[in-house]
Protein chains: 2
Amino acid sequence: MNPTCRILLVDDHYVVRIGMASSLNLEPDLEVVAEAENGEAAIALYREHRPDLVILDWRLPDLSGGDVIKALHAEFPAARVLVLSAFESEEVIYQALQAGAVGYLAKSSRRPELIGAVRLAAQGKAAFSADIAAKLASRIQRPSLSPRELEVVAELVKGNSNKEIATRLNISENTVKLHITHIMQKLRAKDRTHVASIALQQGLLENRAPGG
Amino acid sequence: MNPTCRILLVDDHYVVRIGMASSLNLEPDLEVVAEAENGEAAIALYREHRPDLVILDWRLPDLSGGDVIKALHAEFPAARVLVLSAFESEEVIYQALQAGAVGYLAKSSRRPELIGAVRLAAQGKAAFSADIAAKLASRIQRPSLSPRELEVVAELVKGNSNKEIATRLNISENTVKLHITHIMQKLRAKDRTHVASIALQQGLLENRAPGG
DNA sequence: TCAGACATCCCCCATATGGGCTATGCCGTG
DNA sequence: CACGGCATAGCCCATATGGGGGATGTCTGA
């Protein structure tokens with residue numbers, strides 16, 4: 001019952017692609033059929049090869065992992081994506097699963113764990129590295145920021161004052177202050193500087209366009 | 001004149017080690033003789049194997065790449081270290097070279113570039129990926145933060161107020177304010193929040209102990 | 001239809017922040 | 001020795017920030 005599982009590998013680091021491919025290709029039932037180093041290429045190669053599984057790095061030069069997953073699912077609802085990342089914050093894992101990933105795998109995983117997760121994901125079952133579940137649980141507790149609040153955080157990170165943020169977002173300074181108050185409560189931050197730190201460290205802004 | 005170059009590979013990501021090793025071992029004159037996944041193990045393995053070259057990931061779970069280089073050079077002044085990193089901010093490259101690395105290599109580098117850099121580094125010549133020099137140049141222009149200023153930044157990032165920072169560092173609040181003024185000027189930051197953003201994005205605090 | 005989340009706006013006010021200025025002592029380099 | 005960078009510290013002051021309150025409108029889901 002195990003026909004070969006055909007895999008599309010997406011990572012912008014050459015050595016990671018080689019490492020993954022050589023690890024996977026040792027297994028008789030796993031085969032890397034294509035490799036992409038950015039999101040656009042990944043989507044194009046999916047159309048061409050229709051792989052059974054996509055192994056997707058979360059950080060890519062053009063799109064975020066979440067964007068790639070959403071684009072794939074829009075066109076191929078059955079697409080199975082296993083997110084691979086070096087960056088194991090709760091937020092990223094949460095976003096990956098929200099976006100529709102079937103699992104999340106750390107780059108530090110050894111071969112057995114890696115192969116195991118790939119086989120599970122190929123069957124559409126949830127696949128996680130060891131300590132991920134605990135991190136997820138803690139994330140669920142914390143309320144997430146609204147889209148507008150994320151916009152405010154993005155401005156905050158650029159070092160803009162409340163007045164400047166108000167102008168840029170076309171709202172009053174009072175509104176900006178209230179947003180920031182809410183953001184500080186949600187993130188349990190001590191002040192706006194702490195908000196910026198938490199946002200950057202947790203990768204809250206990962207899925208925003210770099211120039212936006 | 002090319003005896004085999006014996007290499008110690010240091011990276012906490014399994015797939016990266018596999019990818020590097022399989023790329024390097026294809027070359028007859030390059031041989032990976034040992035692999036470490038953290039800084040302590042790297043130093044121990046250096047003592048044991050005395051490799052001709054160390055390929056070192058900048059981000060490790062225990063020590064920073066800079067700490068490893070300094071520790072190696074203290075014991076083996078002739079040690080040659082090529083820094084490998086996914087994280088190409090000017091600051092990190094600058095710090096790596098300051099610490100005594102012979103070169104800096106991006107993880108996205110393809111095989112020819114990778115092999116070329118390794119061969120150069122093995123001969124003790126400067127080895128860089130393509131766009132590194134330009135980034136370095138821009139870094140040289142900017143003044144670097146003093147150790148004390150970095151301590152202040154580390155406190156800032158935790159969301160501490162000037163008063164709290166003063167208490168924690170055992171100095172007066174006035175001094176903290178003056179430090180922050182200087183930091184803002186050096187980093188061309190608009191306010192303390194911007195300082196935190198820049199510090200995190202540029203990796204200014206990379207070589208500080210996580211708990212410290 | 002009513003509750004709840006979201007986004008918007010207004011008021012007041014204590015405190016924090018950031019800029020300007022001067023000044024000391026230490027240390028390393030020229 | 002003198003100079004400059006660093007760290008320390010004080011003063012004054014305008015403005016920004018953060019916390020409290022109350023208010024409106026939309027939209028979604030129970």
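The model shown is predicted, which means the values in this text are computed figures rather than measured ones.
- Comparing B:Ser172 and A:Thr193 against DNA chain D, the residue whose closest nucleotide sits nearer the 5' end is B:Ser172.
- Taking 4.0 angstrom as the limit, A:Thr175 places a side-chain polar atom (N or O) nearer than this to OP1 or OP2 of C:dC9.
- The shortest distance between side-chain heavy atoms of B:Met184 and B:Val195 falls below 4.5 Å.
- For B:Arg192, counting side-chain heavy atoms from C-beta on, the closest listed nucleotide (C:dT17, D:dG18, C:dT8) is C:dT17.
- Rounded to whole angstrom, the span from the CD atom of B:Gln185 across to the P atom of C:dG18 amounts to 12 Å.
- Distance A:Lys177 NZ to C:dA16 P: 15 Å, rounded to the nearest Å.
- Toward the 5' end of DNA chain C, the nearer of the two residues A:Asn174 and A:Lys186, judged by each one's closest nucleotide, is A:Lys186.
- As a whole-Å value, the separation of A:Glu173 CD from C:dA7 C1' is 17 Å.
- Where B:Asp191 and B:Ile171 each meet DNA chain D at their nearest nucleotide, the meeting point lying more 5' is that of B:Ile171.
- Rounded to an integer number of Å, the gap from B:His182 NE2 to C:dC21 C1' is 12 Å.
- Using a 4.0 Å cut-off between a side-chain N of Lys or Arg and a carboxylate O of Asp or Glu, A:Lys158 and A:Glu164 do not qualify as a salt bridge.
- Nucleotide D:dA16 holds its P atom 13 Å from the CD1 atom of A:Ile165, rounded to whole Å.
- Under 4.0 Å is where a charged nitrogen must lie from a carboxylate oxygen, and between A:Glu151 and A:Arg148 at least one such pair does.
- Checked against ring-ring contact (aromatic ring centres under 6.0 Å, His included), B:Tyr14 has no partners two or more places apart in sequence or in another chain.
- The distance from atom CD1 of B:Ile183 to atom P of C:dG18 is 11 Å, rounded to the nearest whole Å.
- Nearer the 5' end of DNA chain C, as judged by each residue's closest nucleotide, is the contact made by A:Glu149, out of B:Leu178 and A:Glu149.
- Note on B:His179: a side-chain N or O is less than 4.0 Å away from OP1 or OP2 of D:dT8.
- Here the P atom of nucleotide C:dG18 and the CG atom of B:Leu187 are 13 Å apart, to the nearest Å.
- By the 4.5 Å heavy-atom criterion applied to side chains, A:Asn160 and A:Arg168 are counted as neighbours.
- Rounded to an integer number of Å, the gap from CZ of A:Arg148 to C1' of C:dC9 is 13 Å.
- One finds a side-chain N or O of B:Asn162 lying less than 4.0 angstrom from the OP1 or OP2 phosphate oxygen of C:dT17.
- At the phosphate of D:dA7, OP1 or OP2 sits under 4.0 Å from a side-chain N or O atom of B:Ser146.
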